[in-house]
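Heavy-atom basis, side chains included; hydrogens, waters and symmetry copies ignored. All of these numbers come straight from a predicted model, not from anything done at the bench.
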Amino acid sequence: MSLSVDIEHRFDGFTLKAAFEAPPGVTALFGRSGAGKTTLVNAVAGLLRPDAGRITLKDRVLLDSAAHICLPPHRRRLGYVFQDARLFPHLSVAANLDYGTRYASGGGTAMSRSDVIDLLGLAPLLDRRPRHLSGGETQRVAIGRALLSRPEMLLMDEPLAALDATRKADILPYLERLKTAYNLPILYVSHALDEIARLADTLVLLADGRVHSAGPIRTLLSDPALVPVLGVREAGAVIDARVTHHADDGLTTLRIAAGDLYLPGVQAHVGDVVRVRIRAGDVIIARERPKGLSSVNILPVTVTAVQMGDGPGAAIALDAAGDALLARITARSARDLGLQAGMPCFAVLKATSVAQASIGQHLP
Amino acid sequence: MSLSVDIEHRFDGFTLKAAFEAPPGVTALFGRSGAGKTTLVNAVAGLLRPDAGRITLKDRVLLDSAAHICLPPHRRRLGYVFQDARLFPHLSVAANLDYGTRYASGGGTAMSRSDVIDLLGLAPLLDRRPRHLSGGETQRVAIGRALLSRPEMLLMDEPLAALDATRKADILPYLERLKTAYNLPILYVSHALDEIARLADTLVLLADGRVHSAGPIRTLLSDPALVPVLGVREAGAVIDARVTHHADDGLTTLRIAAGDLYLPGVQAHVGDVVRVRIRAGDVIIARERPKGLSSVNILPVTVTAVQMGDGPGAAIALDAAGDALLARITARSARDLGLQAGMPCFAVLKATSVAQASIGQHLP
Amino acid sequence: RDVTVFAAASLRGALDEVAALSADTVVISYGGSGAMARQVAQGAPADLVVLANPQWMDWLHAQGVVAPDAAAPLLTNTLVLIGHSGPEMPNPDADALLARLNGGRMAMGQRDAVPAGVYARAWLEHIGAWSTVEPHLAEVENVRAALALVARGDAPLGVVYGSDAGAEPKVSVLWRIPSEQHPAISYPAAALTPEGAQFMTTLRSPQAAAIFVRHGFSLP
Amino acid sequence: MDAAGYEALRLSLLVSGTATLLALPLALGCAWLLARRDFWGKDLLSAAIHLPLVLPPVVTGYLLLLAFGRTAPVGRFLEQTLGLVLAFRWTGAVLAAMVMGFPLMVRAMRLAIQAVDPRIEAAAATLGAPRYAVFATITLPLIAPGILAGTVMGFAKALGEFGATITFVAAIPGQTQTLPSAIYSYLQVPGGEARAAQLTLIACAIAVSAVIVSEWLSRRIAARIGAA
Amino acid sequence: MDAAGYEALRLSLLVSGTATLLALPLALGCAWLLARRDFWGKDLLSAAIHLPLVLPPVVTGYLLLLAFGRTAPVGRFLEQTLGLVLAFRWTGAVLAAMVMGFPLMVRAMRLAIQAVDPRIEAAAATLGAPRYAVFATITLPLIAPGILAGTVMGFAKALGEFGATITFVAAIPGQTQTLPSAIYSYLQVPGGEARAAQLTLIACAIAVSAVIVSEWLSRRIAARIGAA
Ligand SMILES: Nc1ncnc2c1ncn2[C@@H]1O[C@H](COP(=O)(O)OP(=O)(O)OP(=O)(O)O)[C@@H](O)[C@H]1O
Ligand SMILES: Nc1ncnc2c1ncn2[C@@H]1O[C@H](COP(=O)(O)OP(=O)(O)OP(=O)(O)O)[C@@H](O)[C@H]1O
Ligand code: MOO
Ligand SMILES: [Mg+2]
Ligand SMILES: [Mg+2]
């Protein structure tokens, strides 16, 4: 276990009581506004001393209220990207970044300053004062500062919320590299399931200060029962696929047990196993293999469960030669097509609707 | 014209030179981080006095540097939701809200305090101090405060960025109601094209301090040339449809020139005209009418333009009996299907993939 | 070696000139008599003290700092009634003073704290005017402030030393108070070291006497 | 304590209290000007405000006499127009205490104003609050700790002021003789230490109470506005 | 100006400068304690720091004399252990100036510390900075305006201090006679006004220069840390 958390804390009118284990990799904290995400991260960082609990990182005890242990923040060696940036107002952007390096302990992950500056596009900002930055620029500097502090774990509280899609798409692969190449565990707060699906290995769903469910992202995202919790639009399965070919027209062939997928813009090398997120809403079900469609991804599947919702939708769990898929279609279609468990059919996936951001590198 | 802006301002290393007209309704400012969105909104609000320019709201001159007119912020009667909330730290949430009402001029839009509190879920927070709020809670209070100040126009700088999808979905219809029922013009900064497509009537694309393009949202969103600018995932056409029937299973039938659409969760009344956003990535093209699909929306269309991108994608402009549609498919599929201008074919839209949030009420 | 003298502030000027007569380097610290007495008792590096007030010299005797025979009066001074302008007031009584004050106040040193104030009070009591004049006093922290009040016309009358009044053109002496109407105004001096004793001889020299007289003091 | 002591105590409290209250708005105005405005002569204003700190109090008192004495131009003007006499009145003691405490008050308030985030004030302006209302409803509450600190300092200084007061308005029992000048005069007499000590203890007690009240208030304010 | 005037000026600058520098760290420590810590007796500490403001300077000087005189317990102890003699030396004048300026310094710094957002300090801690480093690299630069203000006030007060100094260490030319006590003693003799005025002008000039320098510095600091 990388991080293990079991804490309890009461505010006036709000109680956080959460326990979870975060294996190496990225653990996402997901939950509505006010669910307790920031409170929890603050406790991990040592900025909030919970009423009771125990937090360990690898073999280090960060907090053990029973043993009266509470490591001060500066000895926890965690890099924290705050929801509210918290740049040092009296330091230039460059000095803000260097602050991270200044007190970096020997350990942790070595990232080069110039890499960080390039990635986050900070070069033109280096001489600026924080108060002359735009919202997104501020947040990028905050990310850079945390990255440069050589932390043993990164805590990121909605780090990309202030960023535009292009910038997000630039930064996400880098975060992935942190986790794979540098083996840096990340605790990642976000309300964008997109980012989470791409980055996270583990998902912790917080609701009202309690852990609603926690587990491997694959399992949770393809659980039809969680569709209402995660939001209708965001549900979708995550499957592993091996890169077999990059074609000249930019499409990459990926092999899964059920057949081949053709996806654009996959960056991995041939032979790599990548993670592909297929949103339930992007899957069409056909009784017969359709022809003359612009969709090049058509997989034979078997219906494993049909879950009719309260509304007009239905969640259909599918088995694609062992991989779990999730489709969200209208209840009317489900009836019209006569879908039921065990029925063989075809899943049509739009190649372009497999979001760029949803293709992530898989853990080695 | 509701708002007319033509300003120029230089910061060290950044120049804003933007002119645009915002007709009544919602005008979205869209652009990358650092494009100058906040700077522009600040100029409209009177918090930044641009080097030169002219800003008028309806028939009131807010700024005319040639005539040395610069109305102070408190006489501009604009409600500003800041990117960084800016709640009054010494006042409770309730008092923050009431501050808006206290100095409200007689004019502007009357919204009831209890409505605002209900909508934004502020009831449990009323006695709290701002520093005891979570990020999302803070932003909700900021929105409420601006709404209650009876402004003649709302300025919203990424108001929903800190909110989760569910909360966003709750608030968006309300903003729509402000614009339709109360006729309140809104200048809306966002980097979520989703929100923009749903709310905005006019889109102003800022890039590097300049207006890249501006115009009715319908035109800009279905312009294949803007696909790279807006982001591959977010491009998509917006069309108007009339509600003809609400079925018991929750699907609503909408009439457009090319035929019927079946969409879930449409809230409008029978007879209303609503706006439907159909993302380019959610459209599949078929040469023949497909059968046995879970997709119930299949429209006969004609290809009007095929634009091959640099990468693996292709943007296909379609004409559906007069309505412009945009499809994004792989270049390979475009070639395989032999798509070219003038060719008749079928557009398959997943009912559930027409996002809930993309169905908005149309201006009366 | 330097000679250090602690002296009453009202002696500055005269004493500075006298010090110049000495072959030694004379360093003079001016201050209030009470403060100086306390400092000497606390071991101040004074070779000689000149106070404006015999009471504090007595106190120093009592503290055992100064031998009873080491101290002797060095100078005396006179007390004068001054006014901003107007005719002289020989032998004033309470009514005359009140009339001349005409609703204004009489400036003088604080009745207990400032030596000149102590003498002024004694005089007023002697002529039986104290209870009448007392409500019309303006007591200040030093004689010069009293002088300033009269010079500026803020107070019609004041009681100060003769040595102070002579040098201020904006006030006129209305009445030189006879010395028997108040306790003797005496500046006792005491040498604390041999160096101090040596400077004492300079102080008592005829040249010094001339300087003191020129500044309005008298010799005992 | 004897009657004179009581009288001095009463007067000290009256003078210090009045001086503090009167100086408050003026000091606030100066603090605001110095913190937020740029104007010609700003540094000189700041220097002038600091002067009473630098000059021996007696000199300040003397200068007050030159300006506000009965025969002085300003003093005459005040007497003729407002009927306000400062010389030898408790009102003059109030003026002296105001002048001496002023630099302390201004500085504390200025620091507090400088620490207010102007973006918060801007937010209030966009909600329609005119400038004075922004000041009253946002700035003022946010600088409450500074106002409180300035008030305590000003009051304490006023309570301890003596040199300028006695030079300007003398030490008239019941009118202008405050606690410190009573203490001073006791200290000048051999054997007066005991009574001086008694009055000193009273002054200390007042100061300690004022500080304790202010610390309590400051904690309440901090809890309200969320300062550390 | 005569040699004595120069001497007094030199000594005043030496004493005020030394007092300000020595008091600075101590005042900073007290300010930090009062702003950030809660402990038993906090209000009493605060009251004690304010006392020199409330008491007539002469009383403060007298108390210093009682404590640090050559024959007084603390004075003797200091002399025997550290060889440090305060009584009637310029070092004593430094002590008196420190004590008198202390409340002003502490208050300015305390206000500044209270205005620092602890969340910014917390951010530094998460980046690995130990507590002293957070203070040195974050808190200290952010409270620079307060330190500057405290320094100016303390220096100004030290420059103007007179009652406590003359009571504690007398006014020995070249040793303990500072500008204000020279001014005071000139004011005591007939015809001394002109020289008193001259020295007063010099004191004013120093004060004005100090304030102008501090205003300039304060603008630079504001530009750096982004205060209003
Ligand atoms: N100091 C505090 N005192 C009282 N209540 C608090 C305090 N801090 C947070 N809360 C409350 O605790 C709850 C959880 O807050 P937290 O900041 O952890 O939420 P969050 O999940 O991070 O939300 P968001 O997504 O909006 O940032 C909220 O209801 C908040 O109002
Ligand atoms: N006071 C200032 N001085 C110098 N440059 C500034 C100042 N304020 C903003 N800028 C710069 O102007 C540019 C535009 O800033 P602005 O805040 O308007 O961006 P934005 O479009 O709102 O970005 P974001 O989406 O990140 O909030 C940025 O490059 C920013 O760094
Ligand atoms: O010389 Mo004195 O002791 O001020 O009257
Ligand atoms: Mg949060
Ligand atoms: Mg912005």
Close contacts, residues 206-216 of chain E versus chain D, judged by heavy atoms under 4.5 Å
A207(E), V208(E), V211(E), I212(E), S214(E), E215(E)
Taking atom CZ of R220(D) as the centre, does the number of heavy atoms from other residues, nucleotides or ligands within less than 6.0 Å exceed 12?
no
Tell me, for S218(D) versus chain E, whether the close heavy atoms (under 4.5 Å) come from the side chain, the backbone, both or neither.
side chain
Atom pairs and distances, side-chain donor-acceptor, residues 48-60 of chain E, under 3.5 Å, sequence neighbours left out:
unit_1: H50(E); atom_1: ND1; unit_2: S46(E); atom_2: O; d: 2.8
unit_1: H50(E); atom_1: NE2; unit_2: R107(E); atom_2: NH2; d: 3.3

If you count the non-hydrogen atoms of other residues, nucleotides and ligands that lie under 6.0 Å from OH in Y132(D), is the total more than 12?
no
Given that the side chain runs from C-beta out, which part of F155(E) has a heavy atom under 4.5 Å from chain D: side chain, backbone, both or neither?
neither
Nearest 0.5 angstrom please: L187(D) CG to T167(E) OG1, how far?
8.5 Å
With a 4.5 Å heavy-atom cut-off, do D43(E) and R219(D) have their side chains touching?
yes
Roughly how far apart are M109(E) CE and L111(D) CG, rounded to 0.5 Å?
10.5 Å
Looking only at K42(E), E161(E), K157(E), M153(E), the option with the highest number of non-hydrogen pairs under 4.5 Å against chain D is M153(E)
